[in-house]
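Working notes for the structure below.
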Amino acid sequence: MATGIEDLGRGEFTVEALLVAVGAPRLRGIGLEIPDAPGCPERPELALYAAIGEREADNTHSRYNALIRRLISFERAMEALHPLPIR
């Protein structure tokens, strides 16, 4: 995640940065500082898929799904460590 956050902060829309952009709302809700990135694609999940396809054309779908599962796992782990207060 750190690489993606750094790349996003520099305005570099790498696979890692786009993955962070996909999860940005939830990651911010957990309390992570995710930079705003002017020029970030409106639909980062589509841009992520395209970026993976440029790297791994034969394996795009499975790689995309694996990265999304990893993101969700990270988000859940962070939420478990930092539960939101009950209102």
Side-chain contact test, heavy atoms from C-beta onward, threshold under 4.5 Å: evaluate it for [X] versus [Y] and give yes or no.
X     : Y     : value
Asp7  : Thr3  : yes
Ile5  : Leu27 : no
Leu46 : Pro41 : no

Distance from [X] atom [atom1] to [Y] atom [atom2], nearest 0.5 Å?
X     : Y     : atom1 : atom2 : answer
Tyr64 : Asn59 : OH    : CG    : 15.0 Å
Arg69 : Ser62 : CZ    : OG    : 8.5 Å
Ile52 : Leu67 : CD1   : CG    : 5.0 Å
Ile68 : Glu45 : CD1   : CD    : 8.0 Å

Practice problem: Apply side-chain contact (heavy atoms from CB on, under 4.5 Å) to Leu18 and Tyr49, showing your working. | Solution: CA-CA 9 Å; Leu18 291 167; Tyr49 194 90; over 6 Å; no

Where do [X] and [Y] come nearest, in terms of heavy atoms and distance?
X     : Y     : value
Thr60 : Gly53 : OG1-CA, 3.2 Å
Val22 : Pro44 : CG2-C, 3.8 Å
Pro35 : Leu8  : O-CD2, 3.8 Å

Residues passing the side-chain hydrogen bond (donor to acceptor under 3.5 Å, both in side chains) test with Arg28, sequence neighbours excluded, are Asp36

Hits for side-chain hydrogen bond (donor to acceptor under 3.5 Å, both in side chains) against Arg26, two or more places apart or cross-chain, chain-then-number order -> Glu75, Glu79

Check: Stepwise, does the salt bridge (Lys or Arg N to Asp or Glu O under 4.0 Å) test hold for Arg55 with Glu16?
Finding: CA-CA 12 Å; Arg55 274 194 197 174; Glu16 294 81 4; 3.6 Å; yes

For this session: Inspect the surroundings of CG in Asn65 and state if more than 12 heavy atoms from other residues, nucleotides or ligands are less than 6.0 Å away.
Result: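 Counting neighbours around CG of Asn65, more than 12 heavy atoms of other residues, nucleotides or ligands fall under 6.0 Å, so yes.
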
Worksheet item: More than 12 heavy atoms of other residues, nucleotides or ligands under 6.0 Å from CZ of Arg70: is that the case?
Response: no

Residues Leu71, Met1; criterion side-chain contact (heavy atoms from CB on, under 4.5 Å); working and verdict: CA-CA 9 Å; Leu71 172 64; Met1 279 305 138; 3.7 Å; yes

